[in-house]
Visitor: 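So that we are looking at the same thing, I have put the structure below in structure tokens.
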Amino acid sequence: MGGRIVVAGASMAGLRAAEQLRAAGWTGMITLVGDEPHMPYNRPPLSKEVLAGHAPFESLAFRPRASVSDVEWRLGRTVVAARPAERAVELDSGEVLRYDGLVAATGMRPRRLRCPGPSGGRHTVRTLDDAQGLREALTRPGARVVVVGAGFIGCEVAATAVGLGVAEVTVVDPLPLPMAGPLGELLARDLRTRHEERGVRFRLGTGVRGFEGDRHVTGVVLDDGSVLPADVVVESVGSVANTEWLEGNGLDLTDGVLTDELLRVGGRPEIVAVGDVARFPNARYDGVPRRVEHWSIPTDTAKHAAKALVHHLRGGERPAPFAPLPTFWSDQHDFRLQSFGAPTLGRDDVRVLDGAPGGDMLVGYHTAGRLVGVVALGGPAAASAAARHRAELLKQPALTA
């Protein structure tokens, strides 16, 4: 089987795409292009084990399957433009790569605050280099830390900073509770209490107006005019999908790359999208296209997109519509959040299925009386309780059925 498939993006999603293309029967050339100099590695530990100094880089690197030992890696390079009409992409070096199939796996980058003030002392957590730089800042004696954003990364970084012995850790967010978006009020309120009991401070219901200092931050100015002293600022205010290289081709790039139910892009079956950059409809739920940044999504999307792409290029059985069961977890302090399903679709009907606030607790999220997601908060027993509902969620018919 001749021809070449170019994978734009060489992180976890790109690696899994290459592996799944081989599993789907593609024996032609595969070229992966990635802007980092590192081989693909696991990102969730960056805000936890790496930041805490418990995990060296060698422990993060994925071990590629033997089936992709012959793929071509172009690391430290970026795809800057796509030319679908020519079936070609252009790299930042000026080189043009022709393809038979193209996989968009360029992921996302952290959103940055657009506020006046110095840039020194302001960090994000997305890459290995980010985590290593932030760790150096957190371990300086007397560091005062302000985390802007009370989502997954913000809460994990705050917990890790407290664990490192940082005396002042404050989380700022315009929402009234941490992680209120994915969890809803019930669990978010309990989560805040657990963080406060372990030393994290919160300034909620307010945003950031700017930063004080010359070249390095000395304070964070809030919307009400008050100032939080800070030597280290961590910006965890969302993400931006890396889609600029696809512009000018008539594609819907609103919050990621819009795909169909087979993860094909813009009506072009020779182009598929995988991982964080893909905005796809989930046939398990309501069919509304969404971008999902959970750890399981790169593997799930890669498996399905590879089948769809190889089906187009070489024929064979057409895949069924994509219908993954979303999964996420988040380790914070000495407890874990574990979720299966789509809690955000059932936040108007939230019930405690087991346990109680302050201890191990399992919460169910329902739509029209039907369970669509579960989230556990607590220790291993709570996580196991959530996992037992996985089979029930998988058996549920589609919401649109």
Side-chain angles (χ1 to χ4, degrees), residues 6-23 30-79 91-92 103-111 123-139 151-154 156-157 159-160 164 234-236 239-242 273-278 291-303 305-306 327-332 336:
V6 171
V7 181
S11 59
M12 180 184 181
L15 172 62
R16 296 294 182 245
E19 293 172 340
Q20 292 300 326
L21 285 166
R22 289 288 187 242
I30 301 175
T31 300
L32 288 96
V33 183
D35 57 354
E36 288 192 73
H38 311 291
M39 289 289 285
Y41 58 89
N42 200 18
R43 295 188 190 274
L46 295 178
S47 57
K48 300 179 284 289
E49 293 89 347
V50 173
L51 204 56
H54 298 154
F57 171 66
E58 292 75 19
S59 68
L60 304 186
F62 291 115
R63 180 177 295 179
R65 296 179 182 178
S67 61
V68 295
S69 60
D70 62 342
V71 304
E72 178 185 26
W73 294 88
R74 302 287 189 91
L75 300 178
R77 294 262 71 98
T78 304
V79 177
L91 308 189
D92 55 350
V103 180
T106 43
M108 44 73 67
R109 62 186 182 273
R111 189 182 301 277
H123 299 260
T124 59
V125 182
R126 175 62 181 174
T127 68
L128 178 66
D129 294 340
D130 290 340
Q132 290 174 332
L134 178 56
R135 173 171 167 75
E136 291 177 5
L138 292 179
T139 52
F152 285 96
I153 299 299
E156 289 174 358
V157 168
T160 303
L164 285 169
V234 182
E235 298 178 27
S236 179
S239 59
V240 179
N242 294 319
V274 301
D276 295 342
V277 79
R291 196 164 63 86
V292 182
E293 295 182 16
H294 299 338
W295 185 86
S296 60
I297 288 299
T299 299
D300 291 342
T301 52
K303 185 174 183 178
T327 301
F328 74 76
W329 76 91
S330 177
D331 293 319
Q332 301 173 25
R336 165 174 282 202

Visitor: Between R16 and T299 (side chain of the first, backbone of the second, donor and acceptor by atom type, cut-off under 3.5 Å), is there such a pair?
Guide: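 No, R16 side chain to T299 backbone: no donor-acceptor pair under 3.5 Å.
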Visitor: Write down the atom of I153, the atom of S47, and the distance for their closest heavy-atom approach.
Guide: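 Answer, listing the atom of I153 first, then S47: CD1-OG, 4.2 Å.
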Visitor: For V6, is there any backbone N or O sitting under 3.5 Å from a side-chain donor or acceptor partner on T31?
Guide: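 No, T31 side chain to V6 backbone: no donor-acceptor pair under 3.5 Å.
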Visitor: Salt bridge check, D92 against R77: does any charged N sit closer than 4.0 Å to a carboxylate O?
Guide: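 Result for this pair is yes, salt bridge flagged.
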Visitor: Please name the pair of heavy atoms, one in A17 and one in A302, separated by the smallest distance, quoted to 0.1 Å.
Guide: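 Heavy-atom minimum between the residues: N-CB, 3.6 Å.
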Visitor: OG1 of T106 to CG of D276: how many Å apart, nearest 0.5 Å?
Guide: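 Rounded to the nearest 0.5 Å, the OG1-CG separation comes to 9.5 Å.
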Visitor: Check the angle between the aromatic planes of H294 and F152 and answer parallel, tilted or perpendicular using the 30° and 60° thresholds.
Guide: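 Answer is perpendicular, since the angle exceeds 60°.
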Visitor: Could you verify whether a donor N or O on one side chain and an acceptor N or O on the other, from T127 and R43, lie under 3.5 Å apart?
Guide: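 There is no such pair (donor and acceptor under 3.5 Å, judged by atom type) between the side chains of T127 and R43.
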Visitor: Kindly determine whether V33 and L91 satisfy side chain to side chain contact (heavy atoms under 4.5 Å, CB included), including the steps that lead there.
Guide: CA-CA 9 Å; V33 183; L91 308 189; 4.0 Å; yes
Visitor: Using the side chain to side chain contact (heavy atoms under 4.5 Å, CB included) rule, take V277 and R291 through it: C-alpha gap first, then chi angles, then the decisive distance, then the call.
Guide: CA-CA 7 Å; V277 79; R291 196 164 63 86; 5.6 Å; no
Visitor: Looking at every heavy atom in both G275 and I297, which two are closest together, and how far apart are they?
Guide: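 The answer is O-CG2, 4.1 Å.
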Visitor: Going through the checks in order, is the side chain to side chain contact (heavy atoms under 4.5 Å, CB included) test met by V68 and W73?
Guide: CA-CA 10 Å; V68 295; W73 294 88; 5.5 Å; no
Visitor: So does D129 pair up with R135, basic N to acidic O under 4.0 Å?
Guide: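 Between R135 and D129 there is no salt bridge, as every charged N stays at least 4.0 Å from the carboxylate O atoms.
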Visitor: What are the two closest non-hydrogen atoms of P40 and A10, and how far apart are they?
Guide: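 Heavy-atom minimum between the residues: CG-O, 3.2 Å.
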Visitor: Under 4.0 Å between a Lys/Arg side-chain N and an Asp/Glu carboxylate O for R109 and E293?
Guide: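 E293 and R109: not salt-bridged.
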Visitor: Could you grab the distance from atom CE of M12 to atom CG of N42, nearest 0.5 Å is fine?
Guide: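 Answer for the CE-CG pair, M12 versus N42, is 6.5 Å.
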Visitor: Is any side-chain heavy atom of R126 closer than 4.5 Å to one of P110?
Guide: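 Yes - at least one pair of side-chain heavy atoms lies under 4.5 Å apart.
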Visitor: Show the nearest heavy-atom pair for residues P37 and L75, with the distance to one decimal.
Guide: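 Here P37 and L75 meet closest at O-CD1, 3.7 Å.
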Visitor: Between V71 and L32, what is the shortest heavy-atom contact and its length?
Guide: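 Smallest interatomic distance, heavy atoms only, reads CG2-CD1, 3.8 Å.
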Visitor: Under 3.5 Å, side chain of S236 to main-chain N/O of G154, donor-acceptor pair present?
Guide: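 Checked: pair present.
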Visitor: Would you check if V157 and L134 make a side-chain contact, meaning some heavy-atom pair closer than 4.5 Å?
Guide: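 SC-SC contact between V157 and L134 confirmed.
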Visitor: Supply the atom-to-atom distance S11 OG to F62 CZ, rounded to the nearest 0.5 angstrom.
Guide: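 S11 atom OG to F62 atom CZ measures 8.5 Å (nearest 0.5 Å).
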Visitor: Does S69 reach the main-chain N or O of A66 with its side chain, forming a donor-acceptor pair under 3.5 Å?
Guide: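 It does hold such a pair.
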Visitor: Mind running salt bridge (Lys or Arg N to Asp or Glu O under 4.0 Å) on R22 and E19 for me, showing each step along the way?
Guide: CA-CA 5 Å; R22 289 288 187 242; E19 293 172 340; over 6 Å; no
Visitor: Could you walk me through whether T124 and V234 pass the side chain to side chain contact (heavy atoms under 4.5 Å, CB included) check?
Guide: CA-CA 6 Å; T124 59; V234 182; over 6 Å; no
Visitor: Which residue pairs pass the side chain to side chain donor-acceptor pair (under 3.5 Å) test with at least one member in residues 48-63, sequence neighbours excluded?
Guide: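 Non-adjacent pairs meeting side chain to side chain donor-acceptor pair (under 3.5 Å): K48-E156.
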Visitor: Are any of the side-chain heavy atoms of L60 and L46 separated by less than 4.5 Å?
Guide: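 Side-chain contact under 4.5 Å: yes.
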Visitor: Y41 side chain to L128 main-chain N or O, any donor-acceptor pair under 3.5 Å?
Guide: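 Side chain of Y41 to backbone of L128, a donor-acceptor pair under 3.5 Å: yes, one is there.
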Visitor: Rounded at 0.5 Å granularity, tell me how far CG in L51 sits from OG1 in T160.
Guide: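 These two atoms lie 5.5 Å from each other.
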